[in-house]
Amino acid sequence: MDVDNTLKTGQLEKNGKHSGANGSLVRVRDLEVAFSVRKGGGSSGRKGLLRAVNGVSFDVKKGETLGLVGESGCGKTTLGRALLRLTPVPVRGSIWYGGREIQDMSTRDFRDLRGEMQMIFQDPFSSLNPRLTVGQMLGEVLAVHKVVPHGEAKKKIYELLDIVGLNREYFNRYPHEFSGGQRQRIGIARALAVDPGFIICDEPVSALDVSIQSQIINLLKDLQRELGLTYLFIAHDLSVVEYISDRVAVMYLGKIVEIADAGELYANPKHPYTKALMSAIPLPELGRRKERIILKGDLPGPLDAPKGCSFHTRCPEAIEHCRSVEPELKPLSGEKGHEVSCLLYE
């Protein structure tokens, strides 16, 4: 990958300006996203509150990749969208970007900040406008955010195509003329068009062939190194998350139950749910096996989350207090940066 020096220098300078407390670019405190729904369906069902994200707090340090893993339906994507104010319901809690609280920002002020925070979506086909060519799509982004003067837009688009490994001849092609991997490269180029500092990658490789996944992951790593980007990488593939992440947060039923450096988490998981997830990762060595931890029962719905610890109904290590006491995410004694939400460690 050959990053244009002008683009690289400008983006590195821009990304270097923003840093919050303790080197954190993004700080989230007590984030809650709840949807009003009717239990049982239909107009006759009684109203309930579905807490898709329930009191989540974490930091993302400038220049790092924080992986976010968990089962489908645990709230990972809703959390990512909430950080960009893309959820259809109000969000409670606090979100800081570069030391600025964005929850109470006016729509106009946040629009100016939108260029700093971008998203790469899971489905590279549905996230692209089928009626626009690549040039038109990227040109529209440049025009809306006033990234470059109109006369320099084509040059900027060519630079973006070069960065993500696409030929300049693709300028006049439509999304349906590309493969899945190429479409995701276009999605990445669109996110980079506004010179962001923080990108939320919402399962960016899950819809791609395995052979293409590694290309996109390596592209993201190269871009991070060259442009000084910060990622929140949402995925359910634990091997991919281990490869790309500096730290990893594990989410269950709308809450983060464990967070630590990637190497520490994969080598020494503490929460029973994390242990079960790690036991499912296949070993690459032929003939080697490890003991699987099979969780009993189904994942409870967010509408009917258990009292106490939300995991106790499936936990093989649950104790009596787990049924009534809700654990907090706390640092482990003697293990820097490793936090776990489990009564076994209190």
Side-chain angles (χ1 to χ4, degrees), residues 1-15 17-18 80-81 83-86 97 105 107-205 207-208 212 215-216 219-220 222-224 226-231:
M1 180 185 65
D2 183 18
V3 178
D4 179 85
N5 286 332
T6 304
L7 178 64
K8 175 182 175 181
T9 303
Q11 191 153 354
L12 283 172
E13 289 177 352
K14 185 177 180 181
N15 293 344
K17 292 178 182 178
H18 302 294
R81 295 178 70 89
L83 299 186
L84 298 184
R85 289 172 48 166
L86 295 177
Y97 177 82
M105 275 188 179
T107 302
R108 181 176 180 178
D109 289 341
F110 186 72
R111 188 184 298 117
D112 295 335
L113 185 65
R114 178 76 72 182
E116 298 284 341
M117 308 168 71
Q118 289 292 299
M119 194 167 195
I120 300 171
F121 297 92
Q122 178 178 0
D123 187 346
F125 189 70
S126 64
S127 64
L128 301 178
N129 191 329
R131 298 179 180 179
L132 298 181
T133 65
V134 171
Q136 290 171 333
M137 257 186 292
L138 298 180
E140 187 176 61
V141 175
L142 298 178
V144 169
H145 290 275
K146 301 178 181 179
V147 179
V148 294
H150 178 72
E152 299 178 16
K154 193 168 187 178
K155 178 184 176 182
K156 174 75 171 181
I157 293 170
Y158 281 158
E159 291 174 357
L160 290 168
L161 293 177
D162 291 340
I163 288 174
V164 299
L166 293 175
N167 294 326
R168 295 186 177 189
E169 289 75 13
Y170 295 162
F171 184 91
N172 290 316
R173 292 191 183 181
Y174 291 88
H176 72 271
E177 300 180 81
F178 296 97
S179 66
Q182 289 173 326
R183 284 195 287 262
Q184 194 58 290
R185 289 174 187 267
I186 297 170
I188 294 172
R190 182 177 58 185
L192 293 176
V194 289
D195 299 335
F198 176 56
I199 298 180
I200 298 173
C201 306
D202 184 16
E203 305 212 29
V205 297
L208 306 177
I212 306 299
Q215 297 177 20
I216 299 299
L219 172 63
L220 291 172
D222 289 342
L223 291 170
Q224 183 176 45
E226 296 287 344
L227 301 177
L229 298 172
T230 302
Y231 294 143

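Model, not experiment: these values are computed from the prediction.
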Requested in this report: Sequence neighbours left out, what passes side-chain contact (heavy atoms from CB on, under 4.5 Å) with D123? Give chain and number order.
Outcome: F125, S126

Query raised in the report: Between R114 and H145, is any pair of side-chain heavy atoms under 4.5 Å apart?
Result: yes

Report task. Could you tell me whether the side chain of L113 reaches within less than 4.5 Å of the side chain of F110, counting heavy atoms only? Result -> yes

**Report entry** side chain to side chain contact (heavy atoms under 4.5 Å, CB included), paired with L142, selected from K154, H150, K156
**Finding:** K156

**Report entry** Any donor-acceptor pair under 3.5 Å from Q184 side chain to V205 backbone
**Finding:** no

Query raised in the report: Between V134 and F178, does a side chain to side chain contact (heavy atoms under 4.5 Å, CB included) hold up when you go through it step by step?
Result: CA-CA 10 Å; V134 171; F178 296 97; 3.7 Å; yes

Report task. Check whether any side-chain heavy atom of V144 lies under 4.5 Å from a side-chain heavy atom of V194, and answer yes or no. Result -> no

Query raised in the report: With sequence neighbours left out, what residues match R168 under salt bridge (charged side-chain N to carboxylate O under 4.0 Å, His left out)?
Result: D162

Report task. Look at the side chain of Q224 and the backbone N and O of L229, then say whether any donor-acceptor pair between them is shorter than 3.5 Å. Result -> yes

Query raised in the report: Which is it for L192 and L227 under the side chain to side chain contact (heavy atoms under 4.5 Å, CB included) test, yes or no, and what are the steps along the way?
Result: CA-CA 10 Å; L192 293 176; L227 301 177; 4.1 Å; yes

Report task. Quick one: closest heavy-atom pair of P124 and G180, and the distance? Result -> CG-O, 3.7 Å

Report task. I would like to know whether R131 and Q136 meet side chain to side chain contact (heavy atoms under 4.5 Å, CB included); could you show each step before the answer? Result -> CA-CA 9 Å; R131 298 179 180 179; Q136 290 171 333; over 6 Å; no

Query raised in the report: What pair of heavy atoms forms the shortest contact from C201 to Y231, and how long is it?
Result: SG-CD2, 4.0 Å

**Report entry** Main-chain N/O of P175 paired with R183 side-chain donor or acceptor, under 3.5 Å
**Finding:** yes

Requested in this report: Taking all non-hydrogen atoms of both residues into account, name the closest pair between I157 and G135 and its distance.
Outcome: CD1-O, 3.5 Å

Report task. Any chance you could measure R111, atom CZ, to M105, atom CE, to the nearest 0.5 Å? Result -> 13.0 Å

Query raised in the report: Hey, what do you get for OH (Y97) to CE (M117), rounding to the nearest 0.5 Å?
Result: 7.0 Å

Query raised in the report: Within a strict 4.5 Å, meaning less than it, do heavy atoms of the L166 and Q182 side chains meet?
Result: yes

Requested in this report: Can you measure from CD1 (I188) to CG (L223) and round to the nearest 0.5 angstrom?
Outcome: 6.5 Å

Query raised in the report: Is there a side-chain contact between R190 and I120 (heavy atoms, below 4.5 Å)?
Result: no

Query raised in the report: Is any side-chain heavy atom of V147 less than 4.5 Å from a side-chain heavy atom of V141?
Result: no

Query raised in the report: Is there a donor-acceptor pair under 3.5 Å between the side chain of E152 and the backbone N or O of P149?
Result: no

Query raised in the report: Do E140 and N129 come within less than 4.5 Å of each other through their side chains, counting heavy atoms only?
Result: no

Query raised in the report: Got V164 and I186 here, is their nearest side-chain heavy-atom distance under 4.5 Å?
Result: no

Report task. Could you pull out all residues at least two apart from N167 that satisfy side-chain contact (heavy atoms from CB on, under 4.5 Å)? Result -> E169, Y170

Requested in this report: Start with the C-alpha distance between L208 and Q215, add both sets of side-chain angles, then the distance that settles side chain to side chain contact (heavy atoms under 4.5 Å, CB included), and finish with yes or no.
Outcome: CA-CA 10 Å; L208 306 177; Q215 297 177 20; over 6 Å; no

Query raised in the report: When rounded to the nearest 0.5 angstrom, what distance separates CZ in F171 from CG in L160?
Result: 11.0 Å

Query raised in the report: Can you name the closest pair of heavy atoms from M119 and A191 and give their distance?
Result: O-CB, 4.3 Å

Query - Backbone N/O of I163 and side chain of R185: donor-acceptor pair under 3.5 Å - result: no

